There are 2 protein chains.
Amino acid sequence: MKLERPDVRAHVLRAALLAIDEVGPDRLRVRDIAERAGMSSGHVMYYFGKRDRILVSTLLLSEDELAERRTAELATVADPREAVGRLVEMYLPAGAGDVRWRLWAQIVARPPQDEETLARIAGFTGAWARELARIVVRGVGEGLFRPVDDPEDHAMRMCRIMDSLASDVLLGLPGCDAGWAHEQAMRAIRRELLP
Amino acid sequence: MKLERPDVRAHVLRAALLAIDEVGPDRLRVRDIAERAGMSSGHVMYYFGKRDRILVSTLLLSEDELAERRTAELATVADPREAVGRLVEMYLPAGAGDVRWRLWAQIVARPPQDEETLARIAGFTGAWARELARIVVRGVGEGLFRPVDDPEDHAMRMCRIMDSLASDVLLGLPGCDAGWAHEQAMRAIRRELLP
DNA sequence: TCCAACTTTGAAAGCCATTCTAAAAAGGGA
DNA sequence: TCCCTTTTTAGAATGGCTTTCAAAGTTGGA
């Protein structure tokens, strides 16, 4: 059986996700990926050209998948209050080793240059904010939340606060674990939504 | 003339700051620092042991110095409204290449393990928030700002929003330059302070 | 069946942090 | 001042990892 070019890429990215989970994106060697994908390092390079591009592509994949899971899962939550909690839980890192967030950290430390990738990255954060705004609007409509003057703006600010909380979790600052971050985020969000 | 041990370290860190400004913390080679400090690479390693520790120490130095400049400079600003603007300007990156922020990004991507360093890092962000809170309290006292229920909490949230804005600037997301970040930060802060 | 383009491998090149060796310089105590 | 010990310094050796390369293997179409 033979895999088409895009399939091989996807296969490599899954291997990368696995490998990153085990060794972390900073210590990740091309060989770690190649081993897990069952191919040679040179072969992986043939498909991606640069180690960095593997990381970026992996983040894009991971973020794409999470976005899908997000919309799917949030669709099943009727209560907006609960939906906010669920979104926050999905957005924030599950711990200091959270793959998705460690990838983000890596990308920020060494940002891609090409405009197209940057645009996609911006799109991700925008999508999260819009999703949150949608939930808030629904909650306001149902009289569960206090009206917000600009839901998009509010949502964006909340996502920004969560970004920073995530960063503290990743750093492993004393007392800053996943539960703490969730608590902090919820407090900030509730502050504006509940009187 | 002979430099004492701590002086040599400081000398190296200044060289590092210079070097980082020129090549960026990610591409920074130990040799880049050594050259600029007028010593051999081995010698630099003798003092720091690991390249990573140079980066961490450089961030700590840079952050210490900025904290000093901050308190010095803010003491000269009478109007709290102006002081807030000044603080925001000092906090946020001056551009995508901002040394201090690129160092932060590097540290988050590869966090130090030792508790003492982490505690110092946490201290920095705390100090920023306290400084902002102090200004806000003063402004409230003078009747310039709307009263805030918990100034520390407000300040921390604002700093978090700025962290995330900084990250967008560093990434070089389309439209996210230093001016944009300043504008966004000010809007978020004013939102709660001005009615 | 044969050719041209694409895949795949494993080794070579080159770069860099880190370690090591040995020389040089300081610092004291007699 | 003269040794001896400790610290500092330079520069070369090591080992690991990305990236490049050359050659062998496949595929698909003419």
Side-chain angles (χ1 to χ4, degrees), chain A residues 1-59 102-103 106-107 109-114 117, chain B residues 1-20 22-59 102-103 105-107 109-114 117:
Chain A
M1 168 180 103
K2 167 79 172 14
L3 293 173
E4 290 303 317
R5 203 166 217 279
D7 291 329
V8 176
R9 284 180 61 98
H11 178 63
V12 171
L13 293 182
R14 293 217 179 284
L17 236 22
L18 251 181
I20 293 171
D21 194 28
E22 287 178 42
V23 310
D26 44 334
R27 300 199 193 294
L28 181 75
R29 295 166 302 165
V30 172
R31 186 215 289 210
D32 292 321
I33 301 169
E35 272 171 7
R36 267 157 261 246
M39 41 214 280
S40 69
S41 308
H43 193 188
V44 169
M45 292 301 286
Y46 173 72
Y47 273 94
F48 288 89
K50 295 199 175 299
R51 177 184 175 283
D52 277 17
R53 260 191 271 166
I54 307 178
L55 289 185
V56 175
S57 300
T58 308
L59 175 67
R102 296 197 63 176
L103 271 170
Q106 212 60 221
I107 302 301
R110 195 181 249 273
Q113 303 294 315
D114 80 290
T117 302
Chain B
M1 169 181 99
K2 166 81 175 6
L3 293 174
E4 291 304 317
R5 202 165 218 277
D7 291 330
V8 177
R9 283 179 62 97
H11 177 64
V12 171
L13 293 183
R14 294 220 177 280
L17 236 21
L18 252 180
I20 293 171
E22 288 178 41
V23 310
D26 45 333
R27 299 200 191 294
L28 180 75
R29 293 165 304 164
V30 172
R31 184 211 295 206
D32 293 321
I33 301 170
E35 272 170 8
R36 267 156 262 246
M39 41 215 277
S40 69
S41 308
H43 194 188
V44 169
M45 292 301 285
Y46 173 74
Y47 274 94
F48 288 90
K50 294 197 174 301
R51 178 183 174 282
D52 277 17
R53 259 190 272 166
I54 307 177
L55 290 185
V56 174
S57 301
T58 308
L59 176 66
R102 296 197 63 175
L103 272 170
Q106 213 58 221
I107 302 301
R110 195 181 249 271
Q113 303 293 314
D114 81 290
T117 303

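Since the model is a prediction, treat every value here as computed from it, not as a measurement. Below, read A as the first sequence line, B as the second, and so on, with proteins coming before strands; counting in each chain starts at 1.
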Using the side-chain heavy atoms of [X], tell me which of these nucleotides is nearest: [options].
X: A:M45; options: C:dT7, D:dT8, D:dT20; value: D:dT20
X: B:R51; options: D:dT20, C:dT18, D:dC17; value: C:dT18
X: B:K50; options: C:dT18, C:dC16, D:dT19; value: C:dT18

Between C:dT7 and A:H43, is there an OP1 or OP2 to side-chain N/O distance shorter than 4.0 Å? no
Distance test, side-chain N/O of A:Y46 to OP1/OP2 of D:dT19, below 4.0 Å: no
Rounded to the Å, how far apart are [X] [atom1] and [N] [atom2]?
X: A:L55; N: D:dT18; atom1: CG; atom2: P; value: 10 Å
X: A:R27; N: D:dG15; atom1: CZ; atom2: C1'; value: 16 Å
X: A:E35; N: C:dG10; atom1: CD; atom2: P; value: 13 Å
X: A:R9; N: C:dT8; atom1: CZ; atom2: C1'; value: 17 Å
X: B:R53; N: C:dA17; atom1: CZ; atom2: P; value: 15 Å
X: B:R110; N: C:dA17; atom1: CZ; atom2: P; value: 11 Å
X: B:Y47; N: D:dA10; atom1: OH; atom2: P; value: 10 Å

How about B:R51 and B:L28: do any of their side-chain heavy atoms sit closer than 4.5 Å?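 In short, these two side chains touch, coming nearer than 4.5 Å.
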What is the nucleic acid contact for B:I54, judged by heavy atoms within less than 4.0 Å: base, sugar-phosphate only, or nothing? nothing
Which part of the nucleic acid does B:I33 contact within heavy-atom distance under 4.0 Å: base, sugar-phosphate only, or nothing?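 Touches nothing.
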Considering non-hydrogen atoms only, spot the tightest contact between B:R36 and B:L18 and give its length. CD-CB, 4.2 Å
